[in-house]
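A short write-up of the structure that comes next.
Counting starts at 1 for both ligands and their atoms, in listed order.
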Amino acid sequence: MGSFGIPLFPEQASTFAKDVDALYLFITATATVFALGVTIAVVAFGIIYRRKHDGEVGARIEGNLPLELLWSIIPTMIAMVMFGWGASTYFHMRTPPAEAMDIYAVGKQWMWKFQHPEGQREINELHVPVGRPVRVMISSEDVLHSLFFPSFRTKMDAIPGRFTQLWFEATKVGTYHIFCTEYCGTNHAGMIGSVVVMEPAEYQAWLSGSGGEGTLAERGERLFTELACSTCHLESGQGRGPSLKDIVGTTVELADGSTALVDESYLRESILNSQARIVRGYQPLMPTFQGLVSEDNLVALVEYVKSLSPKAGTTPAAAPAVPTAAASPNTPAAGEKN
Ligand code: HEC
Ligand SMILES: [Cu+2]
C-alpha cells in the first residue's frame, strides 16, 4: 500500500495482512470523521452563535433526548463493530492451525536465532515456505525482546523463562523485515533480520542443503544421553523417572492432586525447574537444569520429547496437533499480557 510512490505500509505478505490493514483503516477513518466533525462543529458554532451585541444572553437549553440517544447509540454501535472485528481477527491470529509446522526462535542481545525441526539453524534470517502455516515458538536467552514481522502483521514478546508463540501463513514469495520491537539494550536497533519466503520445493531444497548435525530431535536425543536424562527416564517406565513416551498432548496427574497438560511450556518447566510440579507417584529426585541447559539445547530436548509422542502429531514431518488456544502460553488464563 502506498500513495504517490511513498510506501505508507509494509507489503502485505501474510493471510492476516489484508484484514489487519482493513481494520486499521476502518478505525482511522472513523476517528478522522468524528474528529473532523467535532472540530468543524466547534469552529462553525463559535462563529455562527458568537455574541453579536453587548448584553446579549445565551439561550437556555434543557437538553434533547432524541439527539442524546442518537449520539450515544450510533457511536456505541460503531465501537461494537470495532470490538467484534478486532476480537475475531485477534483470535484468528492467536490460534495456530493444527497442521502448522513448528520453528523455534530465541531472542538474545542482539540477535534472533531460529531453529528448524529438520536441524537447520539460522541467525537473523529465517526461511519459510509460502502457503503453509508456520508456528513460531519464541523464547529469550536474556531480557525481553519482541519478534515482529511487519509484512505478516504479527508480533509477539520473547519472555525469559517461558515459551510464547505466534503463527502466520506467508502468501507471497520474497524477503521481508524482521524487527525486535521491545527496547532491549544498546544495540536494540541493530536487532534486525529478514524472513525469506520461498516456494515449497525451493524450501525443501534449502532444508536438505544445510544442516549436518541431524534433526533438532536427534540433537535433543544426544543431549538426553549426555545430560544423563536417560539414566532415569527409561522408555519402559521402570526407571526412577516416568517414561516420556507418548506424554505430549496428554494430561498428567500431579502429586498435589492437580493436573497439567503436557505441552512445550510444561516440558520447559519440567526440565528447568523440575521441583515446581511433581508427577504423582514419583519422588522429587530430578535435578534442576536451570543454568545448565542453554535455550538452544532446551529447544532440542523439548523437540526430542515431542518426537517420542508421534501420535500427538508432533514429528516434523506431520504437524503438531498439541497446543490449542486453551493450551497455549498466550491465553489470558495463563496470566499473560497480550
Ligand atoms: C535423577 C533422575 C532424573 C534425571 C537425571 C532426570 N529426570 Fe526427569 N524426572 C525424574 C523424576 C523422578 C520425575 C518425576 C517427578 C517430577 O515431576 O519431578 C521427572 C520428570 C520429568 C518430566 C515430566 C514427565 C511427566 O510425565 O510429566 C520431564 C519432561 C523430564 N523429567 C525430563 C527430563 C530431562 C529432559 C532430563 C535431562 C535433561 C531429565 N528429566 C533428567 C527424574 C530424573
Ligand atoms: Cu531485542
Under 4.0 Å from ligand 1, counting heavy atoms only, is it the side chain of His233, its backbone, both or neither?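 Side chain only.
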Below a 4.0 angstrom heavy-atom separation, can you tell me which part of Ile278, side chain or backbone, both or neither, approaches ligand 1?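 The part of Ile278 near ligand 1 is both the backbone and the side chain.
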Close approach of Pro284 to ligand 1, heavy atoms, under 4.0 angstrom: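 No, Pro284 has no heavy atoms under 4.0 Å from ligand 1.
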Under 4.0 angstrom from ligand 1, any heavy atom of Val262? no
I'd like to know if Glu141 and Lys113 make a salt bridge, using a cut-off of under 4.0 Å between side-chain N and carboxylate O.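 Yes, charged N to carboxylate O under 4.0 Å.
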Under a 4.0 Å threshold between the charged nitrogen and the carboxylate oxygen, would Lys306 count as salt-bridged to Glu264? yes
Under 3.5 Å side-chain donor-acceptor pair for Ser294 and Asp296: no
Judged by modelled atom types alone, do Glu122 and His116 share a side-chain donor-acceptor pair under 3.5 Å? yes
In short, Arg277 meets Leu254 closest at the heavy-atom pair CD-CD1, 3.6 Å
Does a side-chain heavy-atom distance below 4.5 Å link Arg268 with Ser139?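 Side chain of Arg268 against side chain of Ser139, heavy atoms only: contact under 4.5 Å found.
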Can you tell me if Gln283 has over 12 outside heavy atoms packed within less than 6.0 Å of its CD?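 Incorrect, the count does not exceed 12.
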Which protein N, O or S atoms lie under 2.8 Å from the Cu ion (ligand 2)? His145 ND1, Cys180 SG, Cys184 SG, Met191 SD
